[in-house]
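A short write-up of the structure that comes next.
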Amino acid sequence: MAKKRSVILKTSVNFRKYILLVFLCLLPLSGGCGRDERLDVYKSGMEQFYADIIAYDEVINSIDVESETSVQELLEALDNLEACFTQMAALSVPKEFSVIESLAAEAGEYMSQAVALYHLAYESTPFDTAAAQAAKEYYDRANKRAVYMLSILHGEIPEGLDM
């Protein structure tokens, strides 16, 4: 049970790293006169994506790891998070942000793989540590791409991104 609890606590660590970034950078994402409707729809979708990430981070961080339902709550929050990433990846990317398209697809795929592996890890008896470790790697990859996309949306080329 101790291993399960430590994995629960580690699942949202990457969200914390960029939540502050989201709050500081989300405002410039909206606005601008004379923008086309497609760009505005995309930006609105991305703003919703980042707002949803923040909300699910709060849900994950509020889970009482001592609770009998902590695993169920975590998996439910991760399922919802996966849905957010899937919706984000399905957004039509305007030409102004075309470089984001592949990052969005990768982020969605990585989050789907992470959630599937977290389910495998927690639903296995005994707890599947290898699946949990692989899930964490995919989870981190998805979040890294989300951070890269946010940087690009604000006109910055993220460090470590090969373009």
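All residue numbers refer to positions in the sequence shown, counting from 1. From a predicted model like this one, the values you see are computed outputs, not experimental measurements.
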Arg145 charged N/C atom sitting above Tyr148 aromatic ring, 6.0 Å / 45°: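 Verdict for Tyr148: no cation-pi partner in Arg145.
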
Which distance, rounded to the nearest 0.5 Å, do you find between the [atom1] of [X] and the [atom2] of [Y]?
X: Glu106; Y: Gln113; atom1: CD; atom2: CD; answer: 10.5 Å
X: Gln72; Y: Tyr122; atom1: CD; atom2: OH; answer: 13.5 Å
X: Ser98; Y: Lys95; atom1: OG; atom2: NZ; answer: 10.0 Å
X: Phe97; Y: Leu39; atom1: CZ; atom2: CG; answer: 5.5 Å
X: Met88; Y: Leu91; atom1: CE; atom2: CG; answer: 7.5 Å
X: Cys84; Y: Asp79; atom1: SG; atom2: CG; answer: 11.0 Å

Worked check of side chain to side chain contact (heavy atoms under 4.5 Å, CB included) between Glu96 and Tyr42: CA-CA 11 Å; Glu96 293 88 345; Tyr42 181 71; over 6 Å; no

Do [X] and [Y] land in one hydrophobic cluster if side-chain heavy atoms of ILVMFWY residues count as linked below 4.5 Å?
X: Met149; Y: Tyr110; answer: no
X: Leu117; Y: Ile60; answer: no
X: Val99; Y: Leu153; answer: yes
X: Tyr56; Y: Phe85; answer: yes

What I want to find out is whether Lys136 reaches Asp140 closely enough, with some N-O distance under 4.0 Å, to be called a salt bridge. yes

Check step by step if side chain to side chain contact (heavy atoms under 4.5 Å, CB included) holds for Asn80 and Val59. CA-CA 11 Å; Asn80 291 329; Val59 168; over 6 Å; no

Where is the tightest heavy-atom contact between [X] and [Y], given as atom of each residue plus distance?
X: Phe127; Y: Ala132; value: CZ-CB, 3.6 Å
X: Gly108; Y: Ala89; value: CA-CB, 4.4 Å
X: Glu73; Y: Ser67; value: OE2-OG, 3.9 Å

Side chain to side chain contact (heavy atoms under 4.5 Å, CB included) involving Ser102 - partner list, sequence neighbours excluded: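 Expected list: none.
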
Report the residues that fulfil side chain to side chain contact (heavy atoms under 4.5 Å, CB included) with Glu123, sequence neighbours left out, ordered by chain and then residue number.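 Applying side chain to side chain contact (heavy atoms under 4.5 Å, CB included) to Glu123 gives Leu75, His119.
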
Are the side chain of Ser124 and the backbone of Leu120 linked by a donor-acceptor contact shorter than 3.5 Å?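 Side chain of Ser124 to backbone of Leu120, a donor-acceptor pair under 3.5 Å: yes, one is there.
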
So does Glu66 get a backbone contact from the side chain of Ser70, meaning a donor-acceptor N/O pair under 3.5 Å?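 The answer is no, because no donor-acceptor pair under 3.5 Å joins these two groups.
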
From CA spacing to verdict: side chain to side chain contact (heavy atoms under 4.5 Å, CB included), Val115, Leu81: CA-CA 9 Å; Val115 172; Leu81 189 60; 5.8 Å; no

Classify the ring geometry between Tyr139 and Tyr118 as parallel (under 30°), tilted (30 to 60°) or perpendicular (over 60°).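 Aromatic pair Tyr139/Tyr118 classed perpendicular.
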
Just checking, is any N or O donor in the side chain of Gln48 or Asp52 under 3.5 Å from an acceptor N or O on the other one? yes

